[in-house]
Amino acid sequence: MTGNEIREAFLRFFEEKGHKVIPSSSLVPQDDPTLLLTSAGMVQIKPYFLGEAAPPSRRLASCQKCFRTTDIESVGDSQHLTFFEMLGNFSVGDYFKREAIAWAWEFVTQWLRLPPERLWVTIFLDDDESFEYWREVGVPAERILRFGEEDNFWGPAGEWGPCGPCSEIHYDMGKEFGCGKPTCKPGCDCGRFFEIWNLVFTNYNQDKDGKRSLLPKPNIDTGMGLERTVAVINGKKWVYETDLFAPIIERISDLAGCKYGQDEAIDHAIRIVAEHGRAITFLIGDGVVPSNEGRGYVLRRILRRAALFGRKLGLNEPFLAQVAQPVIAQMGDIYPELPMNQNLILGAIHSEEEKFGNTLDTGLEWL
Ligand code: SER
């Protein structure tokens, strides 16, 4: 299945379960002082969870553009991304754990056809209710693991806000992907187990002092990383080997006159340029402009990082606008703001990259 097929299947599945599909909100959060950038699908759902606004339906589903700044330095490894798409279904005081678990299981085993024997789940320490529901759908007790707050309590997204215990689905890529230790299980960081879906049972609101109180009603907030899921389904360890990245990697390889998959140092640079090139396209498409503070600084930082890694590939002249082109071409149908703002995106990338290149060249002459 391609990225487009999985995105479409997810939304159709939840539509059939009575959800209203809503468009992704902007990467720039609206009226949310707690966040620099939209980091999860639930960001636009927060006012509904808090009872501050009425939802268009009590069952919602989306594919949300997300950006996480915490992982910038890890970009280039097999799984970490700054920009990614998150598929999610939400219940605003409607269904709760039993349905969320049963539907997640139905989707991964019947629609995505992932072999059940390769799936593990994690639950919050004392969440016996979720344990029972996973048992009901057929997950063997020995593949249900219990973890504490650090792993199985999600949120709040910013300094305060909705949060709750969670339950994750992990996929076993197979022994050949792992460390081989007898203790290797979901949670081991060797890369054998991919977390693909996080189901959050959002029943708390956490205040600035960390105090939690019950929300008006229990809610559901789930998040499935699209890029990882596409990788898992196609048996790939690297998200960069999926069709979502193929045209971008191809463009960079063409520009640099090299081939992906022959030299690890070159591949690493290509991956960083691909990831950051995609991310800056989406950031500018949502109106972020390079600056020295806030989200503008995040944009400037990753654009410069991409330009620097481009130099490692011998790309010394501005080239990133040409990396943005396949991103816009590939994603334009899903995110119309990209083709709509195409000239602005390409122009902003070019001028920022040119400025940085000049500074860099002047600096290098001084050495
Ligand atoms: N908010 C949760 C997450 O980001 C589930 O969507 O993982």
Side-chain angles (χ1 to χ4, degrees), residues 6-7 10-11 13-14 17 19 21-27 29 32 34-50 55 59-71 74 79-97 99-101 103-105 107-108 120-124 127 130 147-171 186-187 193-206 212 215 218-229 232 239:
I6 293 174
R7 196 192 292 107
F10 183 94
L11 297 175
F13 176 83
F14 280 102
K17 305 285 184 202
H19 291 63
V21 174
I22 52 170
S24 170
S25 62
S26 170
L27 283 170
D32 190 336
T34 72
L35 288 172
L36 202 58
L37 291 161
T38 299
S39 56
M42 59 79 77
V43 170
Q44 66 166 321
I45 317 290
K46 272 161 85 172
Y48 310 142
F49 285 165
L50 291 166
R59 296 181 181 190
L60 300 164
S62 69
C63 178
Q64 174 69 47
K65 296 176 282 189
C66 296
F67 195 101
R68 291 191 181 170
T69 49
T70 36
D71 293 331
S74 311
Q79 292 187 43
H80 284 99
L81 299 169
T82 58
F83 171 84
F84 61 99
E85 294 178 86
M86 191 185 277
L87 299 162
N89 58 292
F90 307 92
S91 155
V92 185
D94 190 50
Y95 61 86
F96 201 42
K97 292 182 185 180
E99 292 86 344
I101 287 174
W103 289 339
W105 190 252
F107 184 70
V108 291
W120 290 66
V121 297
T122 66
I123 57 173
F124 188 64
D127 189 357
S130 292
F147 288 99
E149 290 245 347
E150 202 177 310
D151 298 289
N152 278 77
F153 192 95
W154 194 89
E159 273 173 69
W160 68 90
C163 54
C166 62
S167 179
E168 298 169 344
I169 303 181
H170 293 249
Y171 183 75
F193 295 92
F194 267 40
E195 179 211 322
I196 54 169
W197 203 344
N198 186 14
L199 317 180
V200 187
F201 310 125
T202 315
N203 48 5
Y204 295 105
N205 184 26
Q206 185 171 307
R212 289 178 193 150
L215 283 166
N219 309 284
I220 291 293
D221 151 31
T222 88
M224 175 187 248
L226 178 65
E227 294 80 357
R228 277 186 191 194
T229 306
V232 158
V239 290

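Atoms within each ligand, like the ligands themselves, are counted from 1 in listed order. By convention here, the first residue in the shown sequence is residue 1.
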- Message: I'd like the name of whichever of T202, V43, N198, T222 reaches closest to atom 7 (O) of ligand 1 through any heavy atom.
- Response: N198
- Task: Could you list the atoms of ligand 1 found under 4.0 angstrom from a heavy atom of M42?
- Result: 1 (N)
- Query: Which ligand 1 atoms does V200 reach within 4.0 Å, using its non-hydrogen atoms?
  - Reply: 2 (C), 5 (C)
- Message: Suppose we call two aromatic rings close when their centres sit under 6.0 Å apart. Are F10 and W197 close by that rule?
- Response: yes
- Hey, do the aromatic rings of F13 and F107 have their centres closer than 6.0 Å? yes
- Pi-cation contact, F153 with R212 (under 6.0 Å, within 45°): yes
- Query: Got an N/O contact under 3.5 Å between G223 and ligand 1?
  - Reply: yes
- Query: Do N89 and Y95 get their side chains close enough for a donor-acceptor pair, meaning under 3.5 Å?
  - Reply: yes
- Message: With a heavy-atom distance limit of 4.0 Å, tell me whether L199 approaches ligand 1 through its side chain, its backbone, both, or neither.
- Response: neither
- Item | Nearest-contact summary for atom 4 (O) of ligand 1 - protein heavy atom, Å | R68 NH2, 3.0 Å
- Write out the residue and atom name of the closest protein heavy atom to atom 1 (N) of ligand 1, then the distance separating them to 0.1 Å. D221 OD2, 2.8 Å
- Donor-acceptor pair, R68 side chain versus S39 backbone, under 3.5 Å? yes
- Query: So, does Q64 use its side chain to make a donor-acceptor pair with the main chain of S25 at under 3.5 Å?
  - Reply: yes
